[in-house]
Amino acid sequence: MKAAVGGYARARDLRHALELLSSADGMGRVLAGGQSLVAALNMRLTTGDILVDISALADCRGVADDGGTLRIGALTRHAEIGRDPLVRAHAPLLAEAVGHIAHAAIRNRGTIGGAIAHADPAAEFPACALALGAVMRVEGLDGPRDIPVEAFFRDTFETALAEGEILTAISVPKAAPGEVQVIQEVARRSGDYALAGLCLVRRAGRHRLALFSTGPKPMLATAAMAALDGGDTEAAISALKAEIDPPSDTQASGAYRRHLAGVLLRRAVARIEGGTR
Amino acid sequence: MTIAFGNPDRPNSYIGKTVPRPNAPRLVQGRGRFVDDITLPRMAHVAFVRSPYAHARIGGIDAAAAKAVKGVLRVFTGADIAEVCTPWVAVLAHLKGLKSPPQHALATDRATWVGEPVAAVLATTRAAAEEAASLVEVAYEALPVVTDMMSALDETTPVIHPDLGDNLAFRRLHDEGDVEGAFAGAHAVVSARFRTARHTGVTLEPRSILVDWNPAEGQLVAWHATQAPHMMQTVLAKHLALPESRVRVICGDVGGSYGIKVHVYPDEVATAAIAKIMGRPVKFVADRLESFTTDIHARDHIVDARLAVDEAGRILAFDVDDWTAIGPYSVYPRTSAIEGNQVVNLCGGPYDFANYRARTTVVFQNKTPTCQYRAVGHPIAVAITEGLVDMAAAELGMDPVEIRRRNLYADDAYPATSPAKMRFEGLSHHASLDKLVALMDYDALRADQAAARKRGVHRGIGIASFIELTNPSPFMYGIGGARISAQDGCTVRMDPDGSVVALSGVTEQGQGTEAMLAQIVAEGVGVSPSEVRVVTGDTQVTPYGGGTWASRGAGIGGEAALQAARALRDSILEVAAAMLQSEPGRLDIRAGAVVDPDTGEERLSLAELGRIVYFRGDTLPKGLPRELVQTRHFITSEYPFAFTNGVQASYLEVDVETGVVTLLKHWCVEDCGRIVNPQLVDEQIRGGIVQGLGGALYEEIHYDEEGQLLNGSMADYLVPMAAETPDMIVGHVETPTKESLLGAKGAGEAGTAGAPAAVMNAINDALRPLGAQVTEMPFTPERILRALGAIED
Ligand SMILES: Cc1cc2nc3c(=O)[nH]c(=O)nc-3n(C[C@H](O)[C@H](O)[C@H](O)COP(=O)(O)OP(=O)(O)OC[C@H]3O[C@@H](n4cnc5c(N)ncnc54)[C@H](O)[C@@H]3O)c2cc1C
């Protein structure tokens with residue numbers, strides 16, 4: 001199928017990008033790595049978009065040490081995240097997640113900002129951001145604002161980004177001493193979106209458990225987290241299964257996904273306790 | 001005329017060796033010429049308006065908005081096309097009782113599946129055609145939809161084609177021996193319901209056609225991604241009311257076909273009709289999304305089957321009840337009854353037993369039509385047969401290899417006729433199984449499996465013996481009245497520079513046909529393969545032939561090439577003998593030169609011979625025949641089909657908590673007769689296995705009850721990728737067919753035939769100690785966990 005695009009412009013800098021978006025009369029669409037958007041255009045799932053290509057915005061790319069946090073530019077590619085020494089040292093969850101995202105060609109172009117702004121409920125990075133307690137750095141013509149991750153994901157493909165805003169960076173707290181971060185998922189084939197997956201972070205004895213591909217958006221399993229904080233893995237598994245309501249599709253039923261979430265949690269706990277899986 | 005195939009050091013010994021594919025550099029350098037690469041002056045593009053309903057009456061078609069799109073040339077309805085194009089009915093006389101209604105290139109009054117073309121938009125660009133197609137408004141009146149296979153014949157189910165009376169397309173019962181008696185007296189009976197999912201072929205290059213009608217010449221030329229150009233020539237001529245001689249089908253590079261591109265598709269015929277109406281070239285290239293709803297589907301079967309054995313594990317009887325649903329039409333011209341018919345022909349195929357009953361029931365429904373796809377019917381028949389054999393072995397506490405040894409046809413039992421009345425010229429089941437067992441180190445694998453089990457790791461070994469139908473005679477289609485050639489021809493000529501051109505009726509789909517032909521001709525004439533240029537896929541140029549299907553390229557086309565090459569060799573030697581004042585029998589051709597056969601000493605280069613023949617013919621004796629062009633045709637005559645055989649094994653691990661299957665290794669030993677090119681054969685086997693693995697683990701087209709296709713994209717219809725593919729070890733036994741000098745049978749479908757059964761048996765081997773069993777493909781993680789009872793709904 002041939003895409004039906006309304007227009008294309010390459011932004012010189014952030015300001016230019018925001019102006020282009022605001023002059024597009026509601027039809028503006030940020031183009032980052034294009035790994036989700038171009039596929040949607042080519043299937044005519046969206047038509048008439050005026051594409052604002054932000055891929056040349058150098059300020060929005062790369063990882064910086066901000067003291068207590070890492071500032072990851074929205075345009076940092078998946079592959080770059082996977083090999084970045086700061087990420088590997090201070091947010092290893094993100095580096096591990098990269099191995100589960102798509103294939104090399106897609107990881108070379110796809111951006112973390114694109115993945116988070118796209119808000120696919122089956123994507124890894126949104127759940128990682130949630131598990132890590134990240135903050136989304138957003139820029140509009142009226143200036144910047146910060147959105148805590150808990151308030152960012154609203155529904156399938158829906159976020160707190162307002163019309164005309166651009167996600168510029170993601171700030172993640174650096175891992176505390178002794179902190180462990182793991183991601184577990186099952187996909188039908190290597191590189192496929194997960195049938196179900198989860199990110200588990202243990203920071204100073206407290207747990208954060210973020211699920212993906214088990215509902216309309218990534219979610220924190222708070223009841224399971226409480227049980228984990230209390231040291232009861234079996235109770236956490238039961239709580240997890242009770243607090244998710246996964247969808248059914250042609251790949252798997254909700255019941256299978258619920259079962260899988262329990263298996264993955266047991267494996268994740270085993271890993272943070274020094275097991276091998 | 002004999003060739004010492006057994007001697008690898010014989011002169012010109014290209015047959016049996018891996019020689020480079022002549023078209024590989026061109027393809028990897030991006031210099032292939034696929035239909036989509038061809039642009040003609042005044043060429044226009046067609047896009048189709050497709051039914052969003054599985055069954056609906058077509059009311060008015062409002063094209064006003066579509067016509068307003070810039071670049072649109074014309075919008076066509078079914079009635080417009082019907083004025084120049086007659087409908088077709090896909091039945092064959094030898095498939096008794098098969099019925100199907102007339103099918104139009106564009107639906108005229110009713111749409112019968114989601115994706116059926118109902119209107120066409122012609123525009124100067126594909127984008128404009130698509131844009132306009134989305135603006136065509138069709139008034140549909142929804143009609144009752146039939147989607148379920150097993151209730152399609154129920155009284156309460158609506159009849160899709162009232163003129164046909166019911167939803168039954170075809171039924172065949174084959175009954176041999178005393179099945180009931182055998183079951184009554186059996187020591188053990190095992191039974192199961194098997195299910196193979198609806199698949200499609202997912203060719204890398206989608207279906208493509210470019211048609212030019214030249215009224216001045218009265219000729220229609222179609223550049224077509226097809227397996228069977230001569231068949232298409234007939235079809236286009238017949239339905240567009242042209243003489244066959246005025247239709248030329250050219251088939252250049254084709255990006256994979258797997259059977260998908262051997263059928264007649266309404267949108268492709270409509271493209272030809274539009275070209276004829278408009279008097280200008282029209283191109284249609286299916287996009288990936290429309291491919292999912294319009295390329296043929298296959299393999300949608302539900303089978304209840306049982307097997308009776310005695311206490312020694314000897315097979316007493318098979319009883320098979322196969323059901324399949326084929327969509328709303330039998331597909332033209334090969335028909336959609338063949339797959340079910342093959343299941344009846346092939347169940348129990350490797351085994352020597354007496355009592356056999358098999359029935360296939362083929363019904364209509366409102367889904368994409370199904371038809372022949374790589375290994376037609378084989379993966380289903382092999383899954384049924386081998387699944388039951390393993391269940392019987394388990395029931396008797398017998399090793400799966402042992403039960404097969406007790407039942408396979410003995411290697412000296414040939415010729416033999418199976419209870420399904422299939423005739424076998426010569427197979428090698430035991431030699432193949434022995435080789436497989438050695439290759440996989442069966443005992444060591446069993447030890448590894450036992451050790452893994454102790455660690456709580458569940459591994460399984462699955463074996464699947466199979467037969468494969470290749471080299472078909474006219475018994476496949478011709479006797480049923482279809483103009484589909486089982487014969488194939490080859491013309492071989494020597495040019496003045498001593499190089500050779502071979503024109504063949506079999507076609508190149510990416511599988512290496514041209515390499516195979518080049519090396520056969522090279523050996524047959526006595527030149528290097530690089531001196532042979534091969535031309536295939538042009539009905540106005542090559543000898544008439546069948547093309548690519550039913551694994552016939554090497555066995556039929558290769559033999560024609562060999563005979564033509566040998567005939568050319570004889571002609572060359574006759575001239576050479578005159579020039580050298582020798583005798584043809586005292587000369588040979590080696591590496592492009594006429595030589596003394598005893599010493600190998602060069603007497604005359606072919607280039608010099610060519611110079612004399614073509615430019616100084618005056619110096620040759622008057623009346624000396626100097627026909628450096630020879631044509632030969634070949635058709636099998638002793639056996640309706642050349643059966644091949646083989647056996648596969650799978651080793652895998654099942655994660656019993658997640659249901660995920662990890663393939664560890666796969667083996668195949670097969671016997672395709674003479675191997676012309678070991679690498680090409682191994683690639684065919686491997687590629688075929690991967691397609692079979694897809695069927696076993698991933699591929700399944702889902703529909704909802706309204707007949708909407710739910711997973712029609714590469715994101716949702718999963719095909720196996722490199723990361724999922726295990727190492728595959730391929731071995732061979734060679735039992736050449738005696739029907740030809742070459743002795744080659746087919747190898748294109750063996751991998752696909754056996755792989756799903758091997759994987760199924762391996763999964764069940766892993767699950768058996770846990771009391772679980774799966775027989776519904778694909779074996780998704782969820783199906784495996786459900787079999788284990790691990791999921792609470
Ligand atoms: C075959 C395939 C498999 C894949 N598998 C996975 C997988 O397993 N897991 C996974 O997580 N992803 C997967 N992806 C998606 C991939 O990770 C994408 O790269 C990612 O979802 C989007 O990033 P992008 O930079 O390509 O964004 P784009 O495609 O350019 O944009 C996506 C959306 O986000 C918006 N957007 C992008 N950047 C910004 C920004 N800075 N501010 C505001 N809005 C923005 C765009 O307007 C658009 O709506 C897969 C993709 C493909 C093609």
Side-chain angles (χ1 to χ4, degrees), chain A residues 1-6 35-36 39-45 47-48 99-100 102-106 120 122 184-198 237-238 241-242 246 248-268 270 276-277, chain B residues 45 47 69 123 125-131 133-134 197 285-291 655-662 693-694 697-704 709-725 778 780-786 788-793:
Chain A
M1 227 181 269
K2 304 289 179 199
V5 173
Q35 297 306 293
S36 295
L41 292 171
N42 283 342
M43 293 197 275
R44 282 187 185 241
L45 296 175
T47 57
H100 292 289
H103 312 278
I106 294 154
D120 189 316
Q184 290 286 139
E185 71 168 62
V186 165
R188 290 290 301 279
R189 301 172 305 179
S190 126
D192 280 347
Y193 282 107
L195 294 175
L198 53 78
I237 290 168
S238 304
K241 287 186 179 177
S248 296
D249 59 26
T250 58
Q251 307 297 357
S253 69
Y256 172 82
R257 289 188 158 92
R258 176 177 283 118
H259 168 89
L260 191 58
V263 173
L264 295 174
L265 180 55
R266 184 173 289 111
R267 290 181 180 183
T276 50
R277 279 204 116 117
Chain B
H45 299 261
V69 172
T125 65
R126 168 83 190 198
E130 276 180 16
E131 178 66 29
S134 71
V285 179
D287 74 38
R288 188 58 71 189
L289 297 183
E290 67 189 337
S291 295
D655 182 332
V656 298
E657 291 174 354
T658 63
V660 171
V661 172
T662 304
L693 298 177
L697 295 180
Y698 305 108
E699 297 185 42
E700 177 168 29
I701 291 202
H702 292 271
Y703 278 91
D704 69 11
L709 199 158
L710 301 177
N711 60 334
S713 82
M714 296 296 288
D716 300 314
Y717 181 82
L718 308 184
V719 296
M721 314 256 279
E724 284 67 52
T725 304
T780 63
E782 173 150 8
R783 288 195 177 121
I784 287 173
L785 286 197
R786 285 192 183 276
L788 285 163
I791 296 184
E792 305 145 34
D793 280 297

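Numbered from 1 within each chain, the chains take letters A, B, ... in sequence-line order.
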Interatomic distance, B:Asp704 atom CG to A:Thr250 atom OG1 [nearest 0.5 angstrom] | 11.5 Å
Using non-hydrogen atoms only, which part of B:Ala790 is less than 4.5 Å away from chain A: side chain, backbone, both, or neither?
-> both
Where the side chain of A:Arg188 meets the backbone of B:Pro781, is there a donor-acceptor pair that is under 3.5 Å apart?
-> no
Chain B contact via A:Asp249 - which portion, at a heavy-atom distance below 4.5 Å = neither
Check the pair B:Leu718, A:Gln251 against side-chain contact (heavy atoms from CB on, under 4.5 Å), reporting the backbone distance first and the verdict last.
-> CA-CA 9 Å; B:Leu718 308 184; A:Gln251 307 297 357; 3.6 Å; yes
Flag the pair A:Arg267 and B:Glu657 as a salt bridge only when some basic side-chain nitrogen lies within less than 4.0 angstrom of an acidic carboxylate oxygen.
-> yes
For B:Ser134, which residues count as a side chain to side chain contact (heavy atoms under 4.5 Å, CB included) partner, sequence neighbours excluded?
-> none
Could you give the distance from NE2 (A:His259) to CD1 (B:Ile791), rounded to the nearest 0.5 Å?
-> 6.5 Å
Nearest-0.5 Å distance, CD of residue A:Glu185 to OG1 of residue B:Thr658 = 12.0 Å
Hits for side chain to side chain contact (heavy atoms under 4.5 Å, CB included) against A:Ala4, two or more places apart or cross-chain, chain-then-number order -> A:Arg44, A:Thr47, B:Glu131
Of B:Arg783, B:Arg786, B:Glu782, which meets side chain to side chain contact (heavy atoms under 4.5 Å, CB included) against A:Tyr256?
-> B:Glu782
Do you know which of A:His103, A:Arg258, A:Arg189 has the most heavy-atom pairs under 4.5 Å to chain B?
-> A:Arg189
Determine whether more than 12 heavy atoms belonging to other residues, nucleotides or ligands lie under 6.0 Å from atom NZ of A:Lys241.
-> yes
Between B:Glu792, B:Arg126, B:Glu130, B:Glu290, which has the largest tally of heavy atom pairs under 4.5 Å with chain A?
-> B:Glu130
Give, as side chain, backbone, both or neither, the part of B:Glu724 having an atom under 4.5 angstrom from any heavy atom of chain A.
-> side chain
Structural part of B:Leu289 lying under 4.5 Å from a heavy atom of chain A | side chain
